[in-house]
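Take a look at the structure set out below.
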Amino acid sequence: MTSADADSADAFLALHVPGRPLLIPNPWDVGSAKLLASLGFAALATTSSGSAMSIGQLDGTLTRDQAIAHAATIVQAVAVPVSADFENCFADEPDDAAATVRAAADIGLAGCSIEDWDGTAIYTREVAIERVRAAAEAAHGERRVILTARAENHLHGRDDLADTIERLQAYQEAGADVLYAPGLTRLGDIRAVVGSVDRPVNVLAIAATPPVAELAQVGVARISVGGSFAFAAAGALVTAAKELLEQGTYSYTSLSAVGRAAIRDAFH
């Protein structure tokens, strides 16, 4: 591990402070990454759904090579640490998942994630643990990256908090640096997760998620937005396009002015 690699990873991990959560937005292309960095966010993370959207595909359809190439463009575009949403590391086998993590390190990512969902089902706990262990060994190898291990139960109809906690505890023991159970929205559940582990916990911000201040009070260390910023941008585009097509008016230009000014500030 080089000094620069260690410094980047350590700087990223140091931003995870329980009770003072890192707000980490998820850009979907170079332009959105530059805009978000210019607004003062201390770190960024890619989003699988937003990355896919940026090239006209649906979430879950990117190949490993596409995801890595996309993440590399974000890393090269900004000066803040970048973590990557690499889904299940594009592999079922632990050694192949580890190879994805090493690729993350090679392109200069400060972090990346690994899910326990294979696109159709949740991995058994034993298989999931072995995958996290292999990924963690790679993450803490010659080139360091901060590994986020994700328990996907609550995004896929398995509202089993006990299993989620047991999985996150096992992923901690397997070497994960940050823990994440996307889909949790009840403050009591989030508090239970935070209290059950000794690693920083990330929460996904969706409509039903408690406000940042409440998440801070229960010790959350990081809050990400997933694909919601990308979808909000797409929603604004659709709204503007429909106004032009259906009404023949241009009220969307008031929002265009905000974007134009932000771009002038960010792209220099």
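Values below: every heavy atom of this structure, side chains too, minus hydrogens, waters and symmetry copies. We're numbering straight along the sequence, starting at 1.
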Please round to the nearest 0.5 Å and tell me the distance separating atom [atom1] of [X] and atom [atom2] of [Y].
{"X": "I146", "Y": "S83", "atom1": "CD1", "atom2": "OG", "answer": "9.0 Å"}
{"X": "T73", "Y": "I107", "atom1": "OG1", "atom2": "CD1", "answer": "8.5 Å"}
{"X": "L36", "Y": "F41", "atom1": "CG", "atom2": "CZ", "answer": "6.0 Å"}
{"X": "Q169", "Y": "E166", "atom1": "CD", "atom2": "CD", "answer": "7.0 Å"}
{"X": "T239", "Y": "L255", "atom1": "OG1", "atom2": "CG", "answer": "9.5 Å"}
{"X": "R143", "Y": "S8", "atom1": "CZ", "atom2": "OG", "answer": "12.0 Å"}

Taking all non-hydrogen atoms of both residues, which atom of [X] and which atom of [Y] are closest, and how far apart?
{"X": "D160", "Y": "H154", "answer": "N-CE1, 3.7 Å"}
{"X": "P21", "Y": "A216", "answer": "CD-CB, 3.6 Å"}
{"X": "L109", "Y": "A71", "answer": "CD1-CB, 4.1 Å"}
{"X": "D116", "Y": "A128", "answer": "CB-CB, 3.9 Å"}
{"X": "T46", "Y": "A84", "answer": "OG1-CA, 3.2 Å"}
{"X": "A151", "Y": "R167", "answer": "CB-CB, 4.5 Å"}

Tell me, do [X] and [Y] make a side-chain contact under 4.5 Å, heavy atoms counted?
{"X": "L155", "Y": "W117", "result": "no"}
{"X": "L215", "Y": "T209", "result": "yes"}
{"X": "C89", "Y": "V101", "result": "yes"}
{"X": "S49", "Y": "F231", "result": "yes"}
{"X": "Q66", "Y": "Q57", "result": "yes"}
{"X": "V145", "Y": "R102", "result": "no"}
{"X": "S51", "Y": "L62", "result": "yes"}
{"X": "R222", "Y": "V17", "result": "no"}

Could you check H140 against D177 for side-chain hydrogen bond (donor to acceptor under 3.5 Å, both in side chains), going step by step and ending with a plain yes or no?
CA-CA 10 Å; H140 303 154; D177 301 294; 2.9 Å; yes
[X] side chain vs [Y] backbone, donor-acceptor pair below 3.5 Å:
{"X": "H70", "Y": "S54", "result": "no"}
{"X": "E243", "Y": "S251", "result": "yes"}
{"X": "N26", "Y": "G227", "result": "no"}
{"X": "R131", "Y": "E115", "result": "yes"}
{"X": "E87", "Y": "I114", "result": "no"}

Would [X] end up clustered with [Y] when hydrophobic side chains under 4.5 Å apart are linked, directly or stepwise?
{"X": "F86", "Y": "M53", "answer": "yes"}
{"X": "L44", "Y": "L147", "answer": "yes"}
{"X": "L15", "Y": "I74", "answer": "no"}
{"X": "L204", "Y": "V178", "answer": "no"}
{"X": "V127", "Y": "I129", "answer": "no"}

Is it true that the side chains of [X] and [Y] contain a donor and an acceptor less than 3.5 Å apart?
{"X": "N153", "Y": "T164", "result": "yes"}
{"X": "S38", "Y": "D265", "result": "no"}
{"X": "D65", "Y": "T63", "result": "no"}
{"X": "R150", "Y": "S113", "result": "no"}

When V203 is tested against each of T185, V193, I190 for side chain to side chain contact (heavy atoms under 4.5 Å, CB included), which residue passes?
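Running side chain to side chain contact (heavy atoms under 4.5 Å, CB included) over T185, V193, I190 with V203 returns exactly one hit, I190.
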In a check of side chain to side chain contact (heavy atoms under 4.5 Å, CB included) between S224 and each of L23, D85, N202, L22, which one passes?
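Of the listed residues L23, D85, N202, L22, the side chain to side chain contact (heavy atoms under 4.5 Å, CB included) partner of S224 is N202.
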Could you walk me through whether D118 and Y123 pass side-chain contact (heavy atoms from CB on, under 4.5 Å), step by step?
CA-CA 7 Å; D118 71 358; Y123 292 106; 3.3 Å; yes
Residues, nucleotides or ligands: over 12 heavy atoms within 6.0 Å of E214 CD:
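More than 12 heavy atoms, drawn from other residues, nucleotides or ligands, come within 6.0 Å of this atom.
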For atom CZ of F267, is the number of surrounding heavy atoms from other residues, nucleotides or ligands below 6.0 Å larger than 12?
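More than 12 within 6.0 Å, yes.
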Would E130 and D95 count as a side-chain contact (heavy atoms from CB on, under 4.5 Å) if you check the C-alpha gap in whole Å, the side-chain angles of each, and the deciding distance to 0.1 Å?
CA-CA 9 Å; E130 287 307 308; D95 288 348; over 6 Å; no
